[in-house]
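Reading through the structure tokens given below for one structure.
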Amino acid sequence: MNILAPFIPAIPLAGAAVLLLTGPRWRDRSAGWLASAAVAVAFGLAVTVFGTLVSRPVTLRLSHVSLFEWIGVGSFRVDIAFRVDPLSTVMALTVTGVGAMIHLYAVDYMRGDPRYARFFAYMNLFVFFMLVLVLADNYLLLYVGWEGVGLCSYLLIGFWFERKTAADAAKKAFVTTRIGDSALLIGLIFMWSRFGSLDFDRVLPHAHALANGTATVMAMLLFAGAVGKSAQLPLHVWLPDAMEGPTPVSALIHAATMVTAGVYLVVRSHQIFEASGVALTIVAVVGLVTAIYAGLSAIGQDDIKRMLAYSTISQLGFMFFGAGMGAYSAAIFLLVAHAFFKAVLFLGAGSVMHALPDEETDMTRMGGLRRAMPLTAVTWVVGWLAMAGIPPLSGFFAKDQVVAAASQAGRIGLWYAALFGALLTALYETRGTFLTFFGEPRHRGHPHDPPSLMRTALVSLAVGAALAGVLGLSATSGLLPKFLTPVVGPTKEAVAGPSELVLSIISVAVALVGILTAWLVYLSGRIDWMALRVRFASAKRTFQRGFYVNDFYSGAIVGPAKLAAAFVAYVVDRRVVDGTLTGIGRLVSSSAGAARRAQTGLVRTYAVGILLGATAVLGYLVVRS
Amino acid sequence: MILAAIDWVEWALMVGRVVVIFAALLVSVMLVIWIERKVVADMQMRVGPNRAGPAGILITLADGIKLFFKEGVMPVTADAPVYLIAPIASMVPAMLAFAVIPFGPGITLFGRHVPFQISDLDVGILWILAMASLAVYGVVLAGWSSGSNYPLLGAIRSSAQMISYEVGMSLGLVAVLLTCGTLTMSQIVAVQGRHFHVTWLTWLPKWNLFVQLPAFLIYMTAALAETNRPPFDLPEAETELVAGYHTEYSGIKFAMFFLAEYMHTITVSAVGVTLFLGGWHGPQFHAVAWLWPLLWFLVKLYVVIFALVWVRATLPRFRYDRLMAFGWKFLIPAGLVWVLVTAASIELPAIRGNLNAAILIGSGTVILLALLWPLFTGSPQARALEGQR
Amino acid sequence: MADWYAFWLIAPISILSAGAMVLARNAVHAALLLIVNFFTLAVFFLILGSSFLFVVQIIVYAGAIMVLFLFVIMLLGVDRPVPLTERIRGQRWIATVLGLALVLEIGLAVRLGLGLSTGKVPDFSRVNAGGNVRALARVLFNSYFFPFEVTSILLTVAAIGAMLHGRRNIAEEETVDTAVGETAT
Amino acid sequence: MRTPISYFLLVSALLFTIGTVGVLVRRNALIIFMSIELQLNAVNLALVAFSRQNGNLTGQVLAFFSMVVAAAEVVVGLAIIVSLYRKRRSADVDDASLLKG
């Protein structure tokens, strides 16, 4: 049944093609239904493939489906080939499953948009590229998906391109991720120069033979790509701005596609990172710093979607941290769980925006929405608790495993930091929840729950977010870790620290502390949080502006870059390049000016020339004979 | 070569022939003018010239003398040399064309054969065409050199007309040379001396008139236009252009134009006789054998001239654009078609000897009938008018 | 013998008429002088044994081409005498020098090739047997049939081209005669 | 035939040169055109003379073609001169110097 694997991406592609070519002909919501159906079918296929995979013995859970030779230059050969193994299957399931729900949600959410069909075409394309990315059997095809995802993010973030902010955000996302993409491309070239191939099977098994430094360089180049795509420090700036796109797009980017690509890449290439050693540590540190940084920034956000965006950054930080700790299955587990609860949260936020006048996103003007929108509030609460790490919801198990990995690896400092990050997670997420759904209403209008279709999506995802925890009840013997073992190897045995149970209790305690703190500040009424905002205005602004990273970039990088560009444009291009060219032109034209004197325009002058030539030729002939 | 093969006796004979023929031509002109005036007068129920000589036959001589003694006035705007050359240029081609016309088989004098022909060129028909094409110069130069508007207009009209009809004329001549298979005039006449082979037609000489009737009509029509005779006398249409290209000429120079015009008439008639009417052929007798061909030739010549005068007296003048349209859109296509028919008849395998002649006569008759049809039914316009009534 | 006299009678006329043509101030005079020149050339052709070209020269050049020239001259009204001043500096000198050089070179070439006074001319009567026209036609329609046909196409194309080139677009009402006091409708 | 063929060739050369000089020194387009015709005819004379010298008719055939082509050329050339005159009210070739560099 693995022959079905190529169809998983092919069906969304077909959907996109149909919608792009015949877009305006689709009436009402039919385009949305078609797109959702395409993703749903892809999900069904993924399930089928998953089923076949599970039915096999563990050692045989890998197959390749090669469609055709794509590039064949000398010894260099790249196929359009898909890889079916536990990791890619899990990713495909996540992408299609969550993606299908988001599509379904969007069917109603986007209703009435003048470019309805185009939106779904882009969405389908987005899913297609993401599936290509995760199912690819070689790095080059992965890179195709990688770039395609970037393209689709550009198209979708800037979907409402009439708004300058949206267009700018789209550009920013594209350019920022391109920095990472370029590094990745360089990394691939470097990889090819070392291995002579880009197939996973011909690269990864031999990675351990690499020299330490080489491996580090290669790993860092790949990681740079991951940092760009997954919005880690210092390339995270595009993600908060990406909120300019329609909310389903944000959900898709954050939950199912795009940002998880980086984590997938690191996990997929973990052999290279391991060969370096230091690279994994860098990944962990970057992830952790990002997690804490984004957590702090999230606390400062008033905009509900920006808050969620920073939360995504922080959660991704946790994933990288997990991967850096060597807990790959934990990272993937968190990725899957995160896909569910972040989708719930985003779609919930979308529902709130949908319900409030003028697409309100400022949480200070919400509050008490749980009465008006009970279902949304319930699903949101599920997402909130899952994210905060309250058992038995999925987030608890996933984050617990990631955090515990540090302790079990004996890296106590990192563990403390990770706990702090988890505390922050609970804190900011609770804050968002309380500000939005609890307390006194501060909003205008008469909000209500979204239509049934959106509700269906919300509920399904909430159920997923609640139950996904069963996949990895235990880091060593959970379903997912065991399933992933053929790819990422068995979960490392704990070498230090307290037992798993103790660690779990500590985790829950930390989460509760965060929640309580938030309750104290934002809900109990004992503290006037509005006054607090004024009092600590500078800190608040620092958080809100993400520690001014963005401003630093525009000052330190964009400004000089613009200056340099101006220099190139007005000095180098105009003087040197144009000068050379116009110089050549002037030379030609002045020599032509001299030569054109011969062109009198008078026929008789030319006739003299003819006669001169005739006389000369005849003279030569006469003299010679 | 032609010039190289001539000794002094030949020279003398040549000069003699030239003088005789030129003189005869001048006399003929006088005669033709008188005939024309008389005939036209008769046709118009007038008396015509009747004072100078018997029946006014010396009227032309009197006119000539008058013109000779008149003062020659030259306009100040005239271009003197060209003004003087023009009448001569008008006369010379008409006379030169006569150089290749055979008046008879010739006579044997002093043991030498003396043909009644100045020169029997091997390009005879082409020579006639060449001279016809030169005739236009007299008109053009006269009109231009007068330095006056009416003559210039007349000259331009005339030259356009003459060039146009020259094409039609040459197509008629091409048909003749195709049937005869030679360009030499004496041989063309000789060919016409034969008779038809068909049993009950053996008495009929094989004149080109019979086998080339359409060509004859084309030639004669074009010849009328070439000589600026009515109904094609547009260059000198008095009602429009005063007197056409020779408005500014007077005295002897005018007389020369007059002379040239009638010389031309005689020339085209003579060519017509030679090419289509069997030349000097006719019943021959042994007594004064050399005279009879000459006589037959002159008889035929004057018959043709009479026909021309008849045409003049009968037909009104063409309008200019109709004249050009007739030349280009009817005469030339008709000539081309006829040349094709002739060529085809020659190339077709001769099954019974006279097939080609039969084809030519047959199609010629059909064409003639088609042309004459309006005579019996009335013109289309007339029929249209009938219908309206 | 006769050809000798004829040559010496005609050649000076030929060259003088050509020279006068080039120097003529009036275009009509130039055309007339050129016609004279063409006649002399026709006579040369006759002397050289080509009676066909002799007539064709008269028909085509004198009878058709030069009439066309005169026609255009009169139509355009460029028949007034024009001053023979030169505006291009040195043109006359160059023309004269180069012209002399050309004549000298051709003379030299003729001297080298044929010799200036060789009287040895092959017999032509065999070539012209049956008349020059017949002989020429035989060569023309056997060896040069294809060029002949191509030339006919050339003539047709030239006629059509000249017609299109020289045509002016005349409004229809211009072609309708109107009586005095009446307006064209 | 007493006249050497080279005499005809020399006459041809002279006529050709006169025509060439005419092209060079005259400004009237029509006279230039006539000079060109003179050149063509001079060449024709040379061709016929060669034909006589070589004892075959090839030269005459060539001269014949040259005449036909000359006729075509004259027709087109005069049409061009006429339209030139209509445009510029002048038959002076020096006035038509649009191609001046």
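Labels below follow one simple rule: chain letters A, B, ... track the order of the sequence lines, proteins then strands, and each chain is numbered from 1.
With a 4.5 Å cut-off on non-hydrogen atoms, F16(D) touches chain C through its side chain but not through its backbone. Contact annotation for I94(C): neither backbone nor side-chain heavy atoms come within less than 4.5 Å of a heavy atom of chain D. Looking at S51(D), the atoms closer than 4.5 Å to chain C (heavy atoms on both sides) sit in the backbone and in the side chain alike. Contact annotation for M66(C): only side-chain heavy atoms (C-beta onward) come within less than 4.5 Å of a heavy atom of chain D. L15(D) touches chain C through its side chain: at least one heavy atom from C-beta onward sits under 4.5 Å away, while N, CA, C and O do not. When heavy atoms are compared at a cutoff of 4.5 Å, V103(C) approaches chain D by way of both its backbone and its side chain. Contacts between L40(D) and chain C at a heavy-atom distance below 4.5 Å involve the side chain alone, from C-beta outward. With a threshold of 4.5 angstrom between heavy atoms, N56(D) approaches chain C through N, CA, C or O but not through any side-chain atom.
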Check residues 11-18 of chain C and write down every donor-acceptor pair under 3.5 Å in which the side-chain atom is one partner and the other belongs to a residue at least two apart or another chain.
| residue | atom | partner | partner atom | Å |
| --- | --- | --- | --- | --- |
| S14(C) | OG | N37(C) | ND2 | 3.3 |
| S14(C) | OG | T40(C) | OG1 | 3.3 |
| S17(C) | OG | I13(C) | O | 2.9 |
| S17(C) | OG | S14(C) | O | 2.8 |
| S17(C) | OG | N37(C) | ND2 | 3.3 |

What pairs of donor and acceptor atoms, side-chain ones from residues 79-86 of chain D against any protein atom, are under 3.5 angstrom apart with sequence neighbours left out?
| residue | atom | partner | partner atom | Å |
| --- | --- | --- | --- | --- |
| S83(D) | OG | H165(C) | ND1 | 2.9 |
| S83(D) | OG | A79(D) | O | 2.9 |
| S83(D) | OG | I80(D) | O | 3.2 |
| Y85(D) | OH | L76(C) | O | 3.0 |
| R86(D) | NH1 | G166(C) | O | 3.1 |
| R86(D) | NH2 | G166(C) | O | 3.1 |

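Counting heavy-atom pairs closer than 4.5 Å to chain D, the top-ranked of the candidates A109(C), G19(C), A24(C) is A24(C). Chosen from V23(D), V25(D), L45(D), the residue pairing most often with chain C at heavy-atom distances under 4.5 Å is L45(D). With chain C as the partner, the residue from N54(D), T58(D), T20(D) showing the most heavy-atom pairs under 4.5 Å is T58(D). Between chain D and the options G113(C), G161(C), P147(C), heavy-atom pairs under 4.5 Å are most frequent for P147(C). Chain D forms more heavy-atom pairs under 4.5 Å with one residue of A31(C), G107(C), A159(C) than with any other, namely A31(C). Ranked by non-hydrogen atom pairs under 4.5 Å with chain D, the options F71(C), F7(C), F44(C) are led by F7(C). Here L78(D) is the residue among N28(D), L78(D), V11(D) with the most heavy-atom pairs under 4.5 Å with chain C. Heavy-atom pairs under 4.5 Å with chain C peak, among E73(D), M67(D), E37(D), at M67(D). With chain D as partner, the option from Y61(C), Y144(C), F52(C) having the largest number of non-hydrogen pairs under 4.5 angstrom is Y61(C). When each of V21(D), L9(D), L30(D) is checked for heavy-atom pairs under 4.5 Å with chain C, L30(D) comes out on top.
Note: L140(C) CG to F64(D) CZ = 5.5 Å, rounded to the nearest 0.5 Å. Separating the CE atom in M21(C) from the OG atom in S35(D) is a distance of 4.0 Å, to the nearest 0.5 Å. With rounding to the nearest 0.5 Å, the separation of CG in L34(C) from CG in L38(D) is 6.0 Å. Here the CG atom belonging to L48(C) is positioned 5.5 Å from the CD1 atom belonging to I5(D), to the nearest 0.5 angstrom. Rounded to the nearest 0.5 angstrom, L33(C) CG and I31(D) CD1 are separated by 10.0 Å. Put simply, CG on L57(D) and CG on L53(C) are 9.5 Å apart, with the number rounded to the nearest 0.5 Å.
Relative ring orientation between W8(C) and Y7(D) is described as perpendicular, the plane-to-plane angle rising above 60° on a 0-90° scale split at 30° and 60°.
Looking only at side-chain heavy atoms (C-beta outward), M34(D) and F69(C) come within less than 4.5 Å of each other. Within the 4.5 Å cutoff, the side chain of V139(C) has no heavy atoms near those of the Q60(D) side chain. In this structure, the side chains of V61(D) and L136(C) come closer than 4.5 Å at one or more pairs of heavy atoms.
V22(C) approaches G22(D) most closely through the heavy-atom pair CG1-CA, 3.6 Å.
With sequence neighbours excluded, no residue forms a salt bridge (charged side-chain N to carboxylate O under 4.0 Å, His left out) with R26(D).
Proximity to chain D among residues 151-158 of chain C is limited to T151(C), L154(C), L155(C), A158(C), judged by heavy-atom separations below 4.5 angstrom.
With hydrogens and angles disregarded, no donor-acceptor distance shorter than 3.5 Å links the side chain of N41(D) to the backbone of F38(C).
Side-chain contact, N44(D) with Q57(C): no donor N or O sits under 3.5 Å from an acceptor N or O.
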